[in-house]
Amino acid sequence: MNLPPIFVQKLQHSNHLNSVLALHPNILKSGYLSDQFTANHLLFSYLKFHKIKHAHQVFKEMPSPNVVSWTSLIAGYIECGAPEKGLHLFETMCRRSIVVPNSFTYSAVVNACSFLADIQSGEKIHARIERLGYQSCVVIGTALVNMYGKSNDVAKARRVFDTMPYRNVVSWSSVISVYAQNALGNVAIGLFGEFIRTVSELPNEFMFSSIISACASLGRLGTGRVVHGAVIRLGYANDVVAGALVDMYAKCGCIGYSDKVFRRIGKPCVIPYTSMIVASAKHGLGKLSLELFKEMLEKGIRPNNVTMIGVLYACSHSGLVDTGLDHLNSMEAKHGIEPNAKHYTCIVDMLGRVGRVDEAYNLAKNTPMDTNDATLLWASLLSASRIHSRLDIAIEAGQRLIELNQQLASVYVTMSNTFASAGEWESVHGLRRSMKQQGLQKEPGCSWVEIKDRSYVFYAGDLSRCERVSEVMSLLRELEMRMKERGHVSGSNKGLVFVDVEEEDKEAIVGLHSEKLALAFGLISIPKGMTIRVMKNLRMCFNCHEAFKMISEIVDRDFVVRDLNRFHHFKNGSCTCGDFW
DNA sequence: TTAGGGTTAG
């Protein structure tokens with residue numbers, strides 16, 4: 001039996017960076033850096049400890065790095081969060097033409113393009129992969145599916161997947177996550193079913209996480225519970241799946257289940273904590289969010305920038321303005337997290353809600369950001385300005401959004417509504433003309449809810465497509481009556497009336513009703529990219545937690561989904577488990 | 001004989 005060289009054995013058994021650091025000069029002195037196998041092990045040992053500079057030093061010290069050395073270093077740069085450097089290194093490798101990239105190199109490079117969402121480079125590399133015939137490699141195919149998905153080109157991702165000669169559970173997970181991440185949860189769920197029916201492999205944690213996330217975005221509680229059952233039966237219990245479940249139950253209105261799932265995690269890491277912080281915040285339980293945040297800090301779990309978004313979001317949605325400002329101002333000193341545009345957007349939103357529109361505006365003006373962040377921030381400020389009748393700031397926010405060329409139809413509608421509430425009809429008509437000239441049409445707001453495997457869809461301003469209209473209307477009347485009893489009159493409807501510029505004469509309040517209804521059933525659908533509208537109108541009218549309490553008094557218990565039969569799909573009819581908990 | 005693909009929270 002051939003044993004690996006002695007240094008390699010030692011490197012393989014190094015569990016601490018110090019032992020690698022100690023071996024390095026010995027390897028150098030003994031001349032073993034010219035042995036590619038040993039040098040590559042040294043390089044890789046540094047990468048295991050995320051020491052990219054040390055790894056690069058080894059690479060430079062090697063007299064003749066081979067394809068493994070180049071590929072390891074490229075992958076190392078991607079791993080440590082510098083994919084652009086990985087890509088640059090690949091270009092150098094090709095330019096020098098001494099070492100030829102292989103399939104391992106190409107999979108790493110495609111991965112770099114995924115992280116950068118750089119579809120231009122990705123497509124060029126894809127073309128080279130095809131020329132070289134590497135496209136039939138399952139790892140490269142899967143990496144390409146992921147790359148197109150991360151660049152939001154779902155069609156191309158699917159085309160690659162469909163032409164793969166061999167696919168495994170990783171390839172299926174990848175294509176399912178592409179749909180889940182691109183607001184096409186129904187397709188993701190359909191593909192999951194196809195995988196279960198046609199592939200003999202079992203789904204794994206990656207696949208389950210994506211599918212649970214798809215259920216969350218669609219508000220598909222029934223499917224989500226069935227998937228949860230499968231997760232339990234297959235014994236999967238990692239933080240990522242648990243975090244996805246916490247999020248799914250919260251988005252489906254079941255914060256109690258979120259809490260149960262969360263509390264069953266032995267040692268939750270930062271992600272489930274963040275899920276639970278956000279979940280509580282969305283249900284109006286800001287104080288619980290802050291308690292959870294304190295708890296995780298006490299356990300020594302370090303928050304990241306998303307956790308801080310959750311904390312600020314919690315303050316914002318529970319009116320804890322001063323606490324929110326304190327967290328913003330201390331997050332860098334206390335947790336080493338520099339506030340970014342998303343954090344400032346939470347704060348602008350928080351100030352805007354309580355009517356501190358000038359402060360919100362000053363903050364918005366002075367925050368540097370990219371187009372996506374700017375769109376969220378100015379849209380939030382526009383909405384707050386409308387609610388608080390600040391025509392001056394609404395005009396500026398609207399202009400900024402028009403300059404950004406984002407959400408134009410929404411901007412025109414909100415601006416028009418703001419002018420309408422101020423009685424400035426000339427401007428309202430001007431905006432309507434402008435919309436017509438540009439051919440802008442606002443897509444109607446849409447909410448949906450899944451009850452016993454059936455989806456009920458509600459369009460703003462249009463009840464004709466809504467099933468069970470009379471039941472819906474009677475529930476709404478009762479809900480509104482109770483809201484009024486509890487003081488949720490919401491400023492003589494000023495902030496609540498939803499006027500569609502194209503349909504101004506219709507009964508405008510209907511649009512709002514349909515959205516309230518989705519909440520009434522305890523289910524808020526939040527597909528990526530579509531969310532905000534639904535939430536925005538809701539949040540202006542009442543506190544979600546309060547609503548859930550009221551709804552549980554009104555809604556028939558029959559609406560709770562208890563059917564777990566679809567377990568059978570996963571276990572050939574041998575399921576006997578009737579209780580999730 | 002070292003190196004490669006898929007997940008969650010905003």
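Reminder, nothing fancy here: chain letters follow the sequence lines and each chain counts from 1.
- In the interface, the side chain of Asn102(A) is not paired with the base of dG4(B) through any donor and acceptor atom under 3.5 Å apart.
- For dG5(B), its base sits under 3.5 Å from the side chain of Thr142(A) at one donor and acceptor pair at least.
- Counting any heavy atom pair closer than 4.0 Å across all strands shown, Cys137(A) reaches a base atom.
- Separating the CZ atom of Phe37(A) from the P atom of dT2(B) is a distance of 6 Å, rounded to the nearest angstrom.
- We find that CD1 of Ile265(A) is positioned 11 Å from C1' of dT8(B), with the value rounded to whole Å.
- Between His317(A) and Tyr313(A), the ring-plane angle classifies as parallel under the 30° and 60° cut-offs.
- Contact of the Asn40(A) side chain with the Met62(A) side chain is registered, since non-hydrogen atoms from C-beta on lie closer than 4.5 Å.
- In terms of phosphate contacts, Thr71(A) brings no side-chain nitrogen or oxygen within less than 4.0 Å of OP1 or OP2 of dG4(B).
- Here Lys150(A) does not reach the OP1 or OP2 of dG5(B): none of its side-chain N or O atoms lies under 4.0 Å away.
- Closest approach to the Ser209(A) side chain among dT7(B), dG6(B), dA3(B) is made by dT7(B) (side chain taken as heavy atoms from C-beta onward).
- A close approach under 4.0 Å does occur between a side-chain nitrogen or oxygen of Asn146(A) and OP1 or OP2 of dG6(B).
- Taking the six-membered ring wherever Trp is involved, the centroid distance between the rings of Tyr46(A) and His56(A) does not fall below 6.0 Å.
- Using cut-offs of 30° and 60° on the angle between ring planes, the pair Tyr106(A) and Tyr134(A) is tilted.
- Geometric assessment of Arg167(A) against the ring of Phe161(A) yields a positive cation-pi assignment under the 6.0 Å and 45° thresholds.
- Taking atom CZ of Phe161(A) as the reference point, atom P of dG5(B) lies 18 Å away to the nearest angstrom.
- Proximity note for Ser174(A) (side chain, C-beta onward) versus dG6(B), dG5(B), dT2(B): the nearest is dG6(B).
- As a whole-Å value, the separation of Asn238(A) CG from dA9(B) P is 13 Å.
- The shortest distance between the side-chain N/O atoms of Asn111(A) and the OP1/OP2 oxygens of dG6(B) is below 4.0 Å.
- If you measure from atom CG of Asp259(A) to atom P of dA9(B), you get 19 Å, rounded to the nearest angstrom.
- Atom CG in Asn168(A) sits about 12 Å away from atom P in dG6(B), given to the nearest Å.
- When heavy atoms are screened at a 4.0 angstrom cut-off, Asn305(A) is found touching base atoms of the nucleic acid.
- When the C1' atom of dG5(B) is taken as reference, atom CH2 of Trp172(A) falls 17 Å away, rounded to whole Å.
- Between Gln181(A) and dT7(B), a side-chain N or O to OP1/OP2 separation shorter than 4.0 Å is present.
- Atom CD1 in Ile277(A) sits about 12 Å away from atom C1' in dG10(B), given to the nearest Å.
- Considering only side-chain N and O atoms, Lys48(A) lies nowhere under 4.0 angstrom from the phosphate OP1 or OP2 of dT2(B).
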